[in-house]
Amino acid sequence: MSTSPHLLAPPHRRVRRHLLSSADLDRTQVRAILDTAAEMHGVQQREVKKLPTLRGRTVVNLFFEDSTRTRSSFEIAGKWLSADVINISGKGSSTSKGESLRDTVLTVAAMGVDALVIRHHASGAAHQVSQWVDAHVVNAGDGTHEHPTQALLDAYTMERRLGDLEGRHVVIVGDLTHSRVVRSNLITLRTLGARVTLVAPPTLMPSGIGAWAKADGFELSHDFDAVLPTADAVMMLRVQRERMSGGFFPTPREYTVGYGLTRPRLDALMTANADAVICHPGPMNRGLEISPDAADAASSLVLDQVSAGVAVRMSVLYHLLAGNDEGEVS
Ligand code: CP
């Protein structure tokens with residue numbers, strides 16, 4: 001990494017004022033964020049993990065849903081860039097006294113913050129918040145809608161192991177209906193030219209996915225074993241039982257038999273392609289969608305994804321905040 005990210009070349013095209021959806025980023029912008037992340041990643045190896053880039057800026061993490069990875073990595077990212085970082089969670093804030101999202105956000109913004117990183121259970125919440133405040137808004141996961149920084153860190157992690165993702169086959173398996181990760185990953189992976197196949201039981205395929213697949217050129221399958229041997233990367237999605245109101249599969253055992261990355265499937269994957277990698281955005285349901293053997297395999301990138309999360313979020317904050325109000329780095 002260069003001694004200061006102030007020395008980084010500005011991106012060819014602006015990263016917009018907010019990051020609300022993966023669709024906000026064209027290929028040049030994704031490339032710029034991933035390339036900056038690669039430089040930021042070097043900071044993690046340093047003894048003193050601090051850059052002066054965002055000194056004097058204030059970032060508020062506003063989390064209305066639980067999080068381990070996203071929240072802590074945004075906090076670390078902001079701190080390593082020398083921003084002042086404040087964490088506010090739904091539990092323990094005045095929302096528990098009935099304060100609305102709008103009043104909460106306006107209250108926080110009135111304190112003079114530069115960026116709001118928001119996670120909320122309502123799809124569209126980050127977009128709504130961006131209409132209310134002047135601060136930069138980053139979507140850290142909104143309901144079942146999107147999780148754009150997860151998609152960026154997933155792409156970054158896969159690229160580091162596989163190289164250019166153009167033409168690479170990424171197979172995403174599991175609870176597509178409740179996953180914001182899959183939507184953002186689809187957009188970012190297609191932006192980077194990857195071939196994507198989504199695999200799920202019919203009950204966990206979102207309605208309208210067929211038309212989207214046709215329009216955007218990705219594939220759908222209910223047969224994990226048929227798709228597995230051609231995969232360069234297999235991304236397992238968490239079964240989101242907390243978002244399920246009905247029975248989406250007969251029993252956990254039957255789900256695992258059909259759609260889990262079990263030991264036999266891990267062996268089949270490695271036999272077909274010894275360089276294939278395994279991803280999971282976390283948190284994992286070990287023994288349900290992914291076996292411990294697969295989660296801890298040499299081909300598993302699960303902890304690499306977590307590590308990349310800090311670098312990618314540093315890059316996102318840098319691109320949004322280290323320039324002028326348009327997000328242009330000067
Ligand atoms: N992948 C992800 O968003 O994890 P957390 O819910 O722990 O942030």
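These numbers come from the heavy atoms of this one structure, side chains and all, not from hydrogens, waters or symmetry mates. Atoms within each ligand, like the ligands themselves, are counted from 1 in listed order.
Residues D175 and Y259 have side chains not in contact (no heavy-atom distance under 4.5 Å, counting atoms from C-beta outward). Taking the side chain as every heavy atom from C-beta outward, T107 and M111 approach each other to under 4.5 Å.
H41 and S307 share a donor-acceptor pair across their side chains, judged by distance under 3.5 Å alone. Side-chain contact of H280 with E289: a donor-acceptor pair under 3.5 Å is present, judged by distance alone. Between the side chains of T157 and Q305, no donor-acceptor pair of N or O atoms lies under 3.5 Å.
Not a single heavy atom of E65 lies less than 4.0 angstrom from ligand 1. Under the 4.0 angstrom criterion for non-hydrogen atoms, G141 is not in contact with ligand 1.
Ranking the protein heavy atoms by distance from atom 4 (O) of ligand 1 puts R69 NE, 3.1 Å first. When only non-hydrogen protein atoms are considered, atom 2 (C) of ligand 1 lies nearest to T70 OG1, 3.5 Å. Protein heavy atom at the shortest distance from atom 6 (O) of ligand 1 is R119 NH1, 2.8 Å.
Checked against ring-ring contact (aromatic ring centres under 6.0 Å, His included), F74 has no partners two or more places apart in sequence or in another chain.
Annotation: G282 places an N or O atom under 3.5 Å from an N or O atom of ligand 1; distance criterion only.
Residue-ligand proximity, T68 to ligand 1, at heavy-atom distances under 4.0 Å covers atoms 5 (P), 7 (O), 8 (O).
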